[in-house]
Visitor: 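The structure under discussion is supplied below as structure tokens; questions concerning it will follow.
So you know, we letter chains A, B, ... as the sequences are listed, proteins then strands, and number each from 1.
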2 protein chains.
Amino acid sequence: MASIGDVAKLAGVSRSTVSLVCNNKGYVSDETRKKIEKAMKELNYIPSELGRNLKMQKSGIVGIIVPDIAHPFFSTFIKYAEKELYSRGYKALICGTAGREDVEEAYLQMLDRRTMDGVIMGAHSLKKERYLKIDRPIVTIDCYLADYIPTVHVDKRQVAEKAASLFLEKNRKKVVQLVSSHTIKNYENEKEQLFHELLEKQGCEVVDISIGYNTFTAEGYKDAAERIFEECSDMDGIFGVDMAAIACLREAKLRKLKVPEELSIVSIDGTYITKLGPEILTSIVQPIEKMAKKLVSMIILQIEGKQVEEIKAIFDVEIQDGETC
Amino acid sequence: MASIGDVAKLAGVSRSTVSLVCNNKGYVSDETRKKIEKAMKELNYIPSELGRNLKMQKSGIVGIIVPDIAHPFFSTFIKYAEKELYSRGYKALICGTAGREDVEEAYLQMLDRRTMDGVIMGAHSLKKERYLKIDRPIVTIDCYLADYIPTVHVDKRQVAEKAASLFLEKNRKKVVQLVSSHTIKNYENEKEQLFHELLEKQGCEVVDISIGYNTFTAEGYKDAAERIFEECSDMDGIFGVDMAAIACLREAKLRKLKVPEELSIVSIDGTYITKLGPEILTSIVQPIEKMAKKLVSMIILQIEGKQVEEIKAIFDVEIQDGETC
DNA sequence: GTGAAAGCGCTAACAT
DNA sequence: ATGTTAGCGCTTTCAC
């Protein structure tokens, strides 16, 4: 493989001049530029990123760590993040942690090893102190770690209010809220508590049922749905993440419960699986693309050594009119 | 940031000895090893991959190029590929090409630029000649490029046979086959033609309806489903990819067609979205995890300079008993 | 068992 | 406008 030196030799110039041509920098006379370009073509020269990376002390790679790459929320997030990263000259390295304790740690180390210039954290299964030790670019999805670590999330109050309004409109009296148990506090409680308050104030009972935090597979959600209907058969509303909501929709049908007549189901996230059918789910939709873009711009600011003034970016949610509430 | 030289200086040894300790190579006396380890700890030394990569002429990164990262088939594929790559010491860089013509080319160039050691191609929107110019490690998902480029796919005959048997069991008389128009021949026709033959031989009509090759979004599939029911209202069977099948399921309900009584729907892929509900789709399931593992082992063989004897790996499919046929 | 030396491919400050 | 020089952090061969 031809290196910059080979090109320089063939063109009869120095390596630095070749470098200038490659990167469109500085002043190079038309004549020498021509010579160099000819030599590059002749040798089929392609600059190696490896040399460049070492010199520049950066790889141009941003890691995206999520619990489950195949989960509709995260896969959609990754899709938009990659797109945005690419358009800004970066590449996306991914990692799915679920079911692999040690892996998150291993990927975080790649940050120190300079394999990655920064990390977008969508998973956080390690102890909080571990994250505080990181002094390299990092941002999180919906997770508070420290005041200096940027994060994005949706407006929790808005989620609770919009969801509550949907159930109240239908005059529901007993709503099951599916909650997940988290390792690290990520405001989640705020939303859940608000949801309680808002409904209870109007005389609607709210029952929390926990689905494991690391339940990200279709099977996991199905098991959870069965449990829900066993634990609480007289509810008339369910509020939970997309996949859980769909699993509940199925469970309701199996039990001959009519949705939405007898049971209202509202999902949070509103990923594409809620839009496919056969029933469109009534959902609180997170603006995944916008959040991905914001997170990318935050991580790039950090990588490029600039100040991130907006540490917490909060997004609005939309109600998706569906057929399940 | 401490470099290997700093550690060497502090420990009073040469850089090469530090390198040996880092990589558990060669013979180092217990005494010097101790000294070096102490120095590493003291300086909080973390070896940089950048230097190592340049020296080794490899990045340890494998690119995965797919049309749409959020598509359930591809996101599941990526999930398992990343897992397998990780367990074998490699990292996964991803790229979604749909809607971005130039991007696939850009990522392929990263292969030459040594950003990636190899590529798993799940998308192929460029001209065939482009791929034949590549002389770096590359493998494809279900796409024949040349006899020397490894690929994996499912047994097309088996798919056609199993799918056909499902419709024949129900004595269907007019089945719509959803087909996609491809840029590059990837055996796809084999499956479609076989499906035709097998059903027609038994007196069942088969109608092909094309859905755009780059239809990978929920909206795209919904539009396609509407078109299908308009173009062909008297069918009693539909055979197509998961998302299209689900979109058809919805469309059937809207038109008050009973599934599976009046209309059988069989999907191909059998990704998690067919298992969630509310109805479980009758599907021909591709063994995505196995295929991902195989592809990873093929690309690593190439990267490590070994001969890949098995150029074409063909996998069995399973029927998923569902509620739509 | 350890060190010296060379080099991977590139960039950039500085000199000319 | 172009070349010289130095160096990014690491590995590896070969002496000793």
Visitor: Does a side-chain N or O from S16(B) land closer than 4.0 Å to OP1 or OP2 of dA4(C), or not?
Guide: no
Visitor: Tell me whether the side-chain N/O atoms of S14(A) come closer than 4.0 Å to OP1 or OP2 in dG3(D).
Guide: yes
Visitor: For a quick check of understanding: with a heavy-atom distance under 4.0 Å over all strands, which category does L54(B) fall into, base, sugar-phosphate or nothing?
Guide: base
Visitor: Quick one: is K25(A) getting a side-chain N or O under 4.0 Å of the dA12(C) phosphate, OP1 or OP2?
Guide: yes
Visitor: Compare every heavy atom of E104(B) with every heavy atom of S125(B), then report the nearest pair and how far apart it is.
Guide: OG-OE1, 2.5 Å
Visitor: For the pair made of CD in Q57(A) and P in dA6(D), what is the distance, rounded to whole Å?
Guide: 20 Å
Visitor: Give the nucleotide from the list dT5(D), dG1(C), dG3(C) with an atom nearest to the side chain of R15(A).
Guide: dT5(D)
Visitor: May I ask you to evaluate whether T32(B) reaches the phosphate of dG1(C), defined as a side-chain N or O under 4.0 Å from OP1 or OP2?
Guide: no
Visitor: With a 4.0 Å cutoff (strictly under), does any side-chain N or O of Y45(A) reach OP1 or OP2 of dC10(C)?
Guide: yes
Visitor: Tell me which of L20(B) and L50(B) sits closer to the 5' end of DNA chain D, going by the nucleotide each one is nearest to.
Guide: L50(B)
Visitor: Per the side chain to side chain contact (heavy atoms under 4.5 Å, CB included) rule, which among T115(B), L93(B), T97(B) passes with Y107(B)?
Guide: L93(B)
Visitor: For dG1(C) and T17(B) - does any side-chain N or O of the residue sit under 4.0 Å from the phosphate oxygens OP1/OP2?
Guide: no
Visitor: Using the side chain to side chain contact (heavy atoms under 4.5 Å, CB included) rule, pick out the option among M291(A), K290(A), K293(A) that qualifies with V152(A).
Guide: M291(A)
Visitor: How about K83(A): does its NZ atom have over 12 heavy atoms from other parts shown lying under 6.0 Å from it?
Guide: no
Visitor: So which one's nearest nucleotide on DNA chain C is more toward 5', G26(B) or S3(A)?
Guide: G26(B)
Visitor: Can you figure out which of dT2(D), dT11(C), dG9(D) approaches the side chain of S19(A) most closely?
Guide: dT11(C)
Visitor: When you measure from the side-chain N and O atoms of R52(A) to the phosphate of dT11(C), is any distance below 4.0 Å, counting only OP1 and OP2?
Guide: yes
Visitor: Counting any heavy atom closer than 4.0 Å, what does N23(A) reach on the DNA or RNA strands: base, sugar-phosphate only, or nothing?
Guide: sugar-phosphate
Visitor: How close do M298(B) and P150(B) get, heavy atom to heavy atom, and via which atoms?
Guide: SD-CB, 3.9 Å
